[in-house]
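This report concerns only the one structure given below.
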Amino acid sequence: MQNVHSGEDSRIKMLVLTGLMIALVFISGSIIRIPTLNGFMQPGDCMVLLSAVLLGKKYGTAAGAIGMALVDILGGYIIWAPFTFIIKGLMVLTVAILIERAKKKNFNTYLVAFIVAGLVDIIGYFIGNAIMGGLIMGASNGFIGSIIYATMHIPGDAAQVVLGIVIALPLAKVVNKAKEIMD
């Protein structure tokens with residue numbers, strides 16, 4: 001009988017932690033905004049990355065994707081929310097898979113996982129910018145114009161990813177330790 005409650009308690013704990021991470025992702029992505037030429041930069045990617053460390057594939061992906069999509073929706077960038085949901089979800093999934101497969105959970109593991117996820121983010125937003133800016137919003141003419149438009153956004157997107165990684169790296173080990181204690 002205790003095993004049934006134990007499984008249910010574990011699921012409830014994960015749902016609560018997921019809700020908490022959605023809130024932390026949203027807060028970190030919406031409170032601090034650094035204006036850029038194409039919108040704003042914020043440290044929300046830090047919490048997106050840490051969602052993977054704390055919650056793993058399933059719950060972490062939900063937390064990162066929902067939290068950052070809410071930043072777009074409530075921040076006036078609603079048209080970007082579907083792109084953000086997919087891109088941030090893929091970021092978390094990438095980190096969670098790489099960490100899960102790693103033999104050791106150390107600085108190098110997190111660094112590699114975060115960098116690969118950062119590349120997923122940059123490529124994802126490159127595609128998103130090409131579609132949104134070039135094709136839908138008419139900011140450029142044709143395919144080549146869409147690529148040029150998307151390319152102009154890479155430095156800002158890369159800077160945001162680097163900011164998230166720099167903040168998340170020293171916290172990853174602490175978050176993993178907290179996860180081990182909770183398990």
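Residues Ala117 and Val95 come closest through the heavy atom pair CB-CG2, 3.4 Å. Closest heavy-atom contact between Phe126 and Thr151: CE1-OG1, 3.4 Å. What you find for Thr61 and Gly89 is that their closest heavy atoms are CG2-O, 3.5 Å. Across all their heavy atoms, Ala102 and Thr109 have their closest contact at CB-CG2, 3.4 Å. Scanning both residues, Val53 and Ala172, for their nearest heavy atoms gives CG1-O, 3.7 Å. When every heavy atom of Val25 is checked against every heavy atom of Ser51, the shortest pair comes out as CG2-OG, 3.7 Å.
Surrounding NZ of Lys173 are at most 12 heavy atoms belonging to other residues, nucleotides or ligands under 6.0 Å away. Few gaps surround NZ on Lys13; more than 12 heavy atoms of other groups in view lie less than 6.0 Å from it. For Ile154, the CD1 atom sits in a packed shell: over 12 heavy atoms of surrounding residues, nucleotides or ligands are nearer than 6.0 Å.
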Inset, instruction - Could you give me the CA-CA distance, side-chain angles and deciding distance for Leu169 and Phe114, then say whether side-chain contact (heavy atoms from CB on, under 4.5 Å) is met? - result: CA-CA 8 Å; Leu169 268 174; Phe114 293 170; 3.9 Å; yes

Legend entry - Met68/Trp80 under side-chain contact (heavy atoms from CB on, under 4.5 Å): CA gap, chis, key distance, verdict: CA-CA 10 Å; Met68 287 304 282; Trp80 278 98; over 6 Å; no

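Linking Ile, Leu, Val, Met, Phe, Trp and Tyr residues whenever their side-chain heavy atoms come within less than 4.5 Å places Ile27 and Val175 in a single cluster. Placement of Ile115 and Leu50 within a single hydrophobic cluster is found when ILVMFWY residues are connected by side-chain heavy-atom separations under 4.5 Å, directly or transitively. The cluster map of Ile, Leu, Val, Met, Phe, Trp and Tyr, joined by side-chain heavy atoms under 4.5 Å apart, puts Val166 and Val161 in different clusters. Val116 is not connected to Met47 by any chain of hydrophobic side-chain contacts under 4.5 Å among Ile, Leu, Val, Met, Phe, Trp and Tyr, and they are in different clusters. Under a hydrophobic-cluster definition in which Ile, Leu, Val, Met, Phe, Trp and Tyr are linked whenever side-chain heavy atoms come within less than 4.5 Å, directly or via other members, Val174 and Ile167 are assigned to different clusters.
Looking at Glu100, its side chain never comes within 3.5 Å of a backbone N or O of Gly56 through a donor-acceptor pair. For Asp45 (side chain) and Val48 (main-chain N/O), no donor-acceptor pair under 3.5 Å exists by modelled atom type.
Side-chain contact annotation: Thr84 with Tyr125, donor-acceptor N/O pair under 3.5 Å present.
Counting heavy atoms from C-beta on, the side chains of Phe83 and Ile131 come closer than 4.5 Å. Asn129 places a side-chain heavy atom less than 4.5 Å from the side chain of His153.
Rounding to the nearest 0.5 angstrom, the gap separating the CG atom in Leu54 from the CG atom in Leu171 is 12.0 Å. Note that the CE atom of Met132 and the OG atom of Ser146 stand 12.0 Å from one another [nearest 0.5 Å]. The CG atom of Leu111 sits 7.5 Å away from the CD1 atom of Ile165 when rounded to the nearest 0.5 Å. The OH atom of Tyr110 sits 3.0 Å away from the CG atom of Asn176 when rounded to the nearest 0.5 Å. Distance CG/Leu49 to CG/Asp121: 9.0 Å, rounded to 0.5 Å. To the nearest 0.5 Å, atom NZ of residue Lys179 and atom CG of residue Leu55 are 7.5 Å apart.
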